[in-house]
Colleague: 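Pasting a structure here, questions to come.
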Amino acid sequence: MDYSKPSIIEKKWQNLWHSRKLFSASKERKKKFYVLEMFPYPSGNIHMGHLRNYTIGDVIARFFKNNQFNVLHPMGWDSFGMPAENAAVENNLNPQVWTEKNINNMKKQLKSIGLSIDWEREISTCNDKYYKHQQKLFIDLYNAGLVYKKDSYVNWDPVDETVLANEQVIEGKGWRSGAIVEKKKLSQWFLRISKFSKELLNELDKLNQWPDKVRAMQKNWIGVSEGVEIIFNISEKSQKIKVFTTRPETIFGATFIALSVEHEIGSFYDNDSEFTKFKNLCIKDQEKRNSDEKFAFKTGLHVIHPFSKKEIPIFFANYVLMDYGSGAIFGCPAHDRRDYDFALKNNLNIIKVIQDTNSSSLPYCEIKKEDKIINSDFLDNLHPSEAKEKITEVIHKGKTGKKKTDYRLRDWGVSRQRYWGCPIPIIYTEDGKALPVDEKDLPVKLPEDIDFNTSGNPLSSHPTWKSTKCSKTGKRAIRETDTLDTFFDSSWYFLRFCSPVEESIPFKEDDTNYWMPVDHYIGGVEHAILHLLYSRFFSRALKYCNYNVPKEPFKKLVTQGMVCHETFKTADSKWINPNNVFSEKDKKGNINYYTKQNGERTLVFKGRSEKMSKSKKNVVDPDSIISNYGADTARLFMISDSPPERDLEWSIDGIKATYKFLKKIYDHLQKDFLFITELEPTVTSKIKEDETETYNLIQKTIMGYTDDIRDYRFNTAVAKLREMANHALKTKMSKNLSDYCWSIFLRLISVITPHFSDELAAKSGFKEVLINLKWPDLDSSGFDEKIVSIVLQVNGKKKSLVSVPLESSQEDILEIIRKNKNIPSSYYNNSKKIIFVKNRIINFVV
RNA sequence: GCGAGCGUGCUGAAAUUGGUAAACAGACAGGACUUAAAAUCCUGCGGGUGGUAACACCCUUGUGGGUUCAAGUCCCACCGCUCGCACCA
């Protein structure tokens, strides 16, 4: 069979691997290796991003398997979520049916890539065999005090009567109804992620195999600030106001107090229609967040400054957020941009307390070395940083406040008013008490007969599902109709893969002890915060509930870049599919692009390369590439063009060239070949002696390729392999050497092009599939007596190359140089100094 | 505004700890084969100067400085691009 229809060959091998269960994993004495790619949402079809993601993971999985690790490489489906429900509404399809159909199709597509996946461990989060355990975990978290219910503002669509996610609010309107979205206060379930803020932040340092970028993003997200909480007494009332600040040294510059409209002091104004109006205005304003305008509501109340003892006014202000600090600030307009704007607008006092040397204009928000505190009583003349220390101490001693560390990270709201999600296992008794569902009653299953034509959450509109009984009292009770955020589903799925069919418990300690943590985790950088932070939290939370799991679930993280493709637009800014664009050179040699519309030529313009997306009309379907060129071509191209973490530029020319490369080698090896699986030592020593150069090149390639693959430098790994292949194709070799060389080639490249390699290996006498073979041994003995060419420099500039035995000393090399008549003596005769680096350079400074 | 990253041929890119810049590819150009095209194979491919030539020499990693025998790599300043966060007190 020739290589014109690779997909036929590929199908054959996929079936064979599958029937021999080559990828099924079980606990063994061998060292384990758990490689995982982020599991997909079953949207219907895989896209290029998936292809790239899973190819990267598969290369690593196969590489470690060849290197004698016990590899776990599972796959599953993140199968709850909105698109299924939208499909239900739009096309009148049952979400379950829609999802299953998509899973079947995508599974078929994934199989056609030839991934080394243990499909016996497949899980799907919308399956009650999965979410039954998830409900148990929820209850564990609940009992441990890590779950609570509180009122919170959500995006509310008043027409559809449903909560919308932020991304479903387009220009302030509901994406489906077009109604203006309101902020509505709803009672919602929360996970106490903030309990772990400090740990989650500090232990980022331990994740030394994560990209710095992701760690930095998480650090910013958790957002620590060290400061002081100061207590102010209200003159007119008995209440106190707590204020958090990171700049306590500016306390003497405080000229007002600003509160969030949600602050408890607001309860004094519940019956004040002006205040209600103002509050709504602020909430609207915070929805949009597109202006810096400052609004004020004067309370008429005052606080007493703890040091100057002067009265300062209290305001409500739109720019103070309730969920950071204590929802109250002291305004220091001289040294804070926002307070300054607010003070100007409301004609408030501005007191400068930091003297900067350049006497620049206010607000002055920096801290420079030369700065001094002024107008601040006992802090005068101190440097701001000294003043900060002193005032913190004074506040602490005087009991007017305390040192405090605040985090930006907020608790995780997990309630969704949706049908297609995991039901929250809670019931409400008649007196309104929330109780967890009894474990023996799990799973709380979703009802199948559901009507999507009602407004609001279909689950709560269901006629009977809600009503249940309390298992303890037997009295009537109502089920929670909120379902869980799908990020909850993905926060522990990697644990379930360790015990995928276990019925009684979520996962077995034996299994997780052996397989966890995930050694390499591969996915898109878009999950840098949410999914990865939630998973890190979840592991800690489970540990807190006495599950024996590691705190950090992912040892090494690899974030792959996007798959990009060229884009074209017409003069009136319509996107045009690159497939429909033709190019032409004009007389000046410029390239013009045009497309054909209604038989007429229309000029189009090349834009920059962008992430493949339907809206930009630049997507390429992996299925068509695989069926035309083969999975191996697609895999090799995906791997070899750019390093994994960088964006990949899709190019059909690249695909064609990759296919050509494989075909060339396929045809070459087809002609005349008989491989040897293992070289006899006598044969090895003979080719080593007779054909040293090629033999050593092969060894060098094994070494370089192995290191490169291990470190995810796939592009340079492939370059090294191509160098060896090009050399082999144009060099006359003995039969033994040629067999050896190509057998090494096939085995090395098999992690990238497994079908191609197995096909050729089988044809030439390999008895075993390559995945079951040991990675090729390296014979570096030949490197020892090698001649190296070192660089001869004069004043650091390269002049020529000199061949010398490896490890030659400076004296030996000088001797060689002097004898060489092609090297002018002017290079070294007047040298003042010689810099010598063994095996690298010799540099004469003249 | 804060944080992070990046800038190398026409393009994707490569370059251990500072030590031969452009490996390996793509596009393009020329040639061979062919009636022709495709496929395949060969050659060239950062810029400049000198030479008929083989070749020699000089310049070149966003810009400008610096450290060093030696800088794509380290340091300082600037310009440009990308990403994340953002009224976070």
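Every chain is numbered from 1 and lettered A, B, ... according to where its sequence line falls, protein lines coming before strand lines.
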Colleague: Between A:Asp708 and A:Thr716, do the side chains contain a donor N or O and an acceptor N or O under 3.5 Å apart?
Modeller: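 Short answer, yes.
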Colleague: Under 3.5 Å, is there a donor-acceptor pair between the side chain of A:Asn843 and the main chain of A:Leu792?
Modeller: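 The answer is no, because no donor-acceptor pair under 3.5 Å joins these two groups.
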Colleague: Hydrogens and angles aside, do A:Ser609 and A:Glu566 bring a side-chain donor and acceptor to less than 3.5 Å of each other?
Modeller: no
Colleague: I want to know whether A:Phe342 and A:Tyr340 have ring centres closer than 6.0 Å.
Modeller: no
Colleague: With a 6.0 Å cut-off on ring centres, are A:Phe568 and A:Tyr593 close enough?
Modeller: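 Yes, the ring of A:Phe568 comes within the 6.0 Å limit of the ring of A:Tyr593, centre to centre.
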Colleague: If only atom types and distance count, is the side chain of A:His263 paired as donor or acceptor with the main-chain N or O of A:Gly327 below 3.5 Å?
Modeller: no
Colleague: Please give the distance between the P atoms of B:A21 and B:U61 as a whole number of Å.
Modeller: 12 Å
Colleague: Rounded off to whole Å, could you give me the CG-to-C1' distance for the A:Asp667 and B:C41 pair?
Modeller: 14 Å
Colleague: For B:A36 and B:G44, measure between their P atoms and round to the nearest Å.
Modeller: 26 Å
Colleague: Any donor-acceptor pair under 3.5 Å linking the side chain of A:Asn318 with the backbone of A:Lys294?
Modeller: no
Colleague: Could you check how far OH of A:Tyr407 sits from C1' of B:C85, rounded to whole Å?
Modeller: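 The distance from OH of A:Tyr407 to C1' of B:C85 comes to 18 Å, rounded to the nearest Å.
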Colleague: Show the distances under 3.5 angstrom between N or O atoms of the protein and N or O atoms of nucleotides 22-27 of chain B.
Modeller:
unit_1 : atom_1 : unit_2   : atom_2 : d
B:A25  : OP1    : A:Asn726 : ND2    : 2.4

Colleague: Identify whether any heavy atom of A:Arg337 sits under 4.0 Å from a base atom; if not, whether one sits that close to sugar-phosphate; answer base, sugar-phosphate or nothing.
Modeller: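 Contact class for A:Arg337: none.
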Colleague: Would you mind telling me which of B:A89, B:G84, B:A13 lies closest to the side-chain atoms of A:Ile329?
Modeller: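 Out of B:A89, B:G84, B:A13, the nucleotide with an atom closest to A:Ile329's side chain is B:A89.
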Colleague: From B:A89, B:G3, B:C69, pick the nucleotide closest to the side chain of A:Asn843?
Modeller: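 In terms of side-chain proximity for A:Asn843, the closest of B:A89, B:G3, B:C69 is B:C69.
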Colleague: What's the closest nucleotide to the A:Ile835 side chain, out of B:C87, B:C69, B:A89?
Modeller: B:C69
Colleague: Return the 5'-most residue of the pair A:Phe244, A:Met217 with respect to RNA chain B, ranking by each residue's nearest nucleotide.
Modeller: A:Met217
Colleague: Taking the P atom of each, how far is B:A56 from B:C6, in whole Å?
Modeller: 37 Å
Colleague: Could you tell me whether the phosphate oxygens of B:C69, OP1 or OP2, come under 4.0 Å of any side-chain nitrogen or oxygen in A:Lys833?
Modeller: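 Yes, because at least one side-chain N or O of A:Lys833 sits under 4.0 Å from OP1 or OP2 of B:C69.
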Colleague: Taking the C1' atom of each, how far is B:G62 from B:G9, in whole Å?
Modeller: 15 Å
Colleague: Taking the minimum atom-to-atom distance to the side chain of A:Lys664, which one of B:C87, B:A13, B:C41 wins?
Modeller: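 Shortest atom-to-atom distance from the side chain points to B:C41.
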Colleague: Expressed in whole Å, how much space separates the C1' atoms belonging to B:C83 and B:C87?
Modeller: 22 Å
Colleague: Give a yes or no answer on whether the side chain of A:Tyr705 reaches the backbone of A:Leu748 with a donor-acceptor pair at less than 3.5 Å.
Modeller: yes
Colleague: Between A:Asp339 (side chain only) and A:Cys332 (backbone N and O only), is there a donor and an acceptor less than 3.5 Å apart?
Modeller: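 Pair found, side chain donor or acceptor close to backbone of A:Cys332.
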Colleague: Tell me, which stems hold RNA chain B, with a stem being 3 or more Watson-Crick or G-U pairs in a row and both distances under 3.5 Å?
Modeller: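 RNA chain B forms these stems: B:1-7 with B:79-85, B:10-12 with B:24-26, B:28-32 with B:40-44, B:46-50 with B:55-59, B:62-66 with B:74-78.
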Colleague: Round to a whole Å and report the spacing from CD1 of A:Ile841 to C1' of B:A70.
Modeller: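 After rounding, the gap between these two atoms is 7 Å.
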Colleague: Has A:Ser651 got a side-chain atom pairing as donor or acceptor with A:Gly654's backbone, closer than 3.5 angstrom?
Modeller: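 Judged by distance alone, yes, a pair lies under 3.5 Å.
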Colleague: Is A:Arg646 near enough to B:A14 that one of its side-chain N or O atoms lies under 4.0 angstrom from OP1 or OP2?
Modeller: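 Yes, A:Arg646 has a side-chain N/O under 4.0 Å of OP1/OP2 on B:A14.
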Colleague: How long is the line joining CH2 of A:Trp221 and P of B:C83, in whole Å?
Modeller: 17 Å
Colleague: Using atom C1' of each nucleotide, how far apart are B:U73 and B:U16 to the nearest Å?
Modeller: 12 Å
Colleague: Could you tell me the separation between the CZ atom of A:Arg408 and the P atom of B:G3, rounded to a whole number of Å?
Modeller: 14 Å
Colleague: State whether the distance check finds a donor on one side and an acceptor on the other, under 3.5 Å, for side chain A:Arg840 versus base B:U17.
Modeller: yes
Colleague: Judged by each residue's nearest nucleotide on RNA chain B, which is more toward the 5′ side, A:Met322 or A:Pro643?
Modeller: A:Pro643
Colleague: Rounding to a whole Å, what distance do you find between A:Gln218:CD and B:C2:C1'?
Modeller: 18 Å
Colleague: Please report the distance separating the C1' of B:C28 from the corresponding atom of B:G46, rounded so that it comes out in whole Å.
Modeller: 15 Å
Colleague: Is B:G9 syn or is it anti, if syn means the base angle is within 90 degrees of 0?
Modeller: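 Nucleotide B:G9 adopts syn.
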Colleague: Nearest to the side chain of A:Glu649 - B:A21, B:G19, B:G12?
Modeller: B:G12
Colleague: How far does the P atom of B:G7 sit from the matching atom of B:G26, given to the nearest Å?
Modeller: 24 Å
Colleague: Choosing from B:G19, B:A89, B:G3, which nucleotide comes nearest the side chain of A:Tyr324?
Modeller: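 Looking only at side-chain atoms, A:Tyr324 lies closest to B:A89.
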Colleague: Rounded to whole angstroms, how far apart are CZ on A:Phe637 and P on B:G12?
Modeller: 13 Å
Colleague: For A:Leu409 and B:A86, give me the distance from atom CG to atom C1', rounded to whole Å.
Modeller: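 Value for this atom pair: 16 Å.
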Colleague: For A:His335 and A:Cys365, indicate whether the former's side chain and the latter's backbone hold a donor-acceptor pair under 3.5 Å.
Modeller: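 A pair under 3.5 Å: no.
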Colleague: Test A:Phe637 against every option in A:Tyr659, A:Trp650, A:Tyr629 by the ring pair (Phe, Tyr, Trp, His ring centres under 6.0 Å) rule and name the one that passes.
Modeller: A:Trp650
